[in-house]
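Ligands are counted one by one from 1 in listed order, and the atoms in each one are counted from 1 as well. Position 1 is the first residue of the sequence, and the numbers go up from there. Heavy atoms only: backbone and side chains are in, while hydrogens, waters and symmetry mates are out.
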Amino acid sequence: MFQKILKKRANLKLSLVFVIIPFLIILIFIFKSFDQNSENIENKNQELENNLITVKDFLFNQFNSGAIKIEFKARNGDSIQKILYDQKISPVEVSNVLGALRREYNIGALKKDQKVYLIVKKEKNGNFVSRLTVNVDNITSIHVFLNKDNVYETKRVTKILTKKNHLIETTIDRGVYRTAKQSGIENSIVAQFAKLYGFEVDFQRDLKKNDKIKIFYEKYLDDDGVSQRTGNILYSEITNVEKNIILYRYEYPNGSIAYFTPDGKSIEKSLMRTPINGAKLSSRYGFRIHPILGYNQIHQGTDFAAPIGTPVMASGAGTVKYAGWKGGYGKFISIHHSPIYQTNYAHLQDYAKGIRRGVKVQQGQVIGYLGSTGSSTGPHLHYEVIVNGKKVNSQTLKLPSSNPLEGNNKNFFEMQKRNIDNLILEASKKK
Ligand SMILES: [Zn+2]
């Protein structure tokens, strides 16, 4: 028994000599060469480097014998303090590190999946932190590190983002949203796109297989070429058998933004036909068997099916006249847009923050969230449009368009349009 253990120990010693030690030597060489590489780059781009220490760079620079690199992905309830104590860092050292961190970052509980990187040096008199990095978001990180005088210093590093315009042309296969996702179009752009056409096009009903969409939009890339966020749609186009709707972004001299067709007309209407993104029209206006009461009655609204919690928008600018429980309607919002137009939204799960009687809302503003409250067979939005006190079919209602561009605005628009056309040409050449 003892002999066996002794034998095992001997084996361990042998493997130390022949495997682990050469491996360590190779490792040291690899990191030395990394160090040299990053030094060369540093000399070249001294100025840039000052603002642009990436996590990777400093990890290689700091990583040498006696130090261990640890990467954490926070779980609920984790804190930096806990992470440091788990690494057997002394209370004095922990308070020094946190004190330094506090100069740039309000430390509380970490968010789920938030990343923390640590380099811990293990020495005879205990473990101490050689470097701590906390990722605040995709592009910002806070670094705490020991400077030459052995004092903790703090640095906030924000990745420099460069704007790059991006052109996507795609043919609809199975639904706009699925196609957009497959083409790599970001959710924020899909939402913008849906909002632009929400007045004129019902994505579920009007867009079918083989219809085409084209979107030209701004993307912000970090220094690794990875897209970190999206900007504005500059141009978009929908083509189906019936129509081709092109929209250009226009910035007014006062900075406000609107979209116009190539001849300077707006497709914006006083009300949107579909006050929800990504919903399926599940029940039209008209006669039907009532799903709960059973008898034949007129359905004086339009139902849109979507998952619970899907944001519901104000279909036009106006004032909230009612936001509360209303019998079979469940949680209910009513908006007055003008003396003529009113819209109602029923079966909501909840109201958006600040939505109550008397509050002014903008077109497209989120007012609540789709639900199944009141007399409802499943998650859907029951949407009603009232014209001069009478409920009408929102999907066939003819609504007046906003005013077309005139005078100087028409001239400025022509200039911006040409500029966008040139950018698209450039982007499609590079493709
Ligand atoms: Zn309904």
_Among Lys326, Glu384, Gln342, Lys321, the one residue meeting side chain to side chain donor-acceptor pair (under 3.5 Å) with Ser334_ =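 Of all the options given, the one that passes is Gln342.
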*Of the N, O or S atoms in His382, the one nearest the Zn ion (ligand 1)*: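 For His382, the N, O or S atom at the smallest distance from the Zn ion (ligand 1) is ND1.
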_Need the atom name: nearest N/O/S atom of Asp303 to the Zn ion (ligand 1)._
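Of all N, O or S atoms in Asp303, the Zn ion (ligand 1) lies closest to OD1.
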*Verify whether one side chain among Tyr345 and Thr343 offers a donor that lies under 3.5 Å from an acceptor in the other.*
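Note: Tyr345 and Thr343 side chains meet the donor-acceptor criterion.
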*State whether a side-chain donor-acceptor pair under 3.5 Å links Tyr285 with Thr396.*
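Looking only at side-chain atoms, Thr396 and Tyr285 do not form any donor-acceptor pair under 3.5 Å.
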*With rounding to the nearest 0.5 Å, note down the distance linking CG in Leu221 to NZ in Lys163.*
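Going from the CG atom of Leu221 to the NZ atom of Lys163 covers 12.0 Å.
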*Using a cut-off of strictly less than 2.8 Å, determine whether His347 has an N/O/S atom near the Zn ion (ligand 1).*
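No, His347 does not qualify, because none of its backbone or side-chain N, O or S atoms lies under 2.8 Å.
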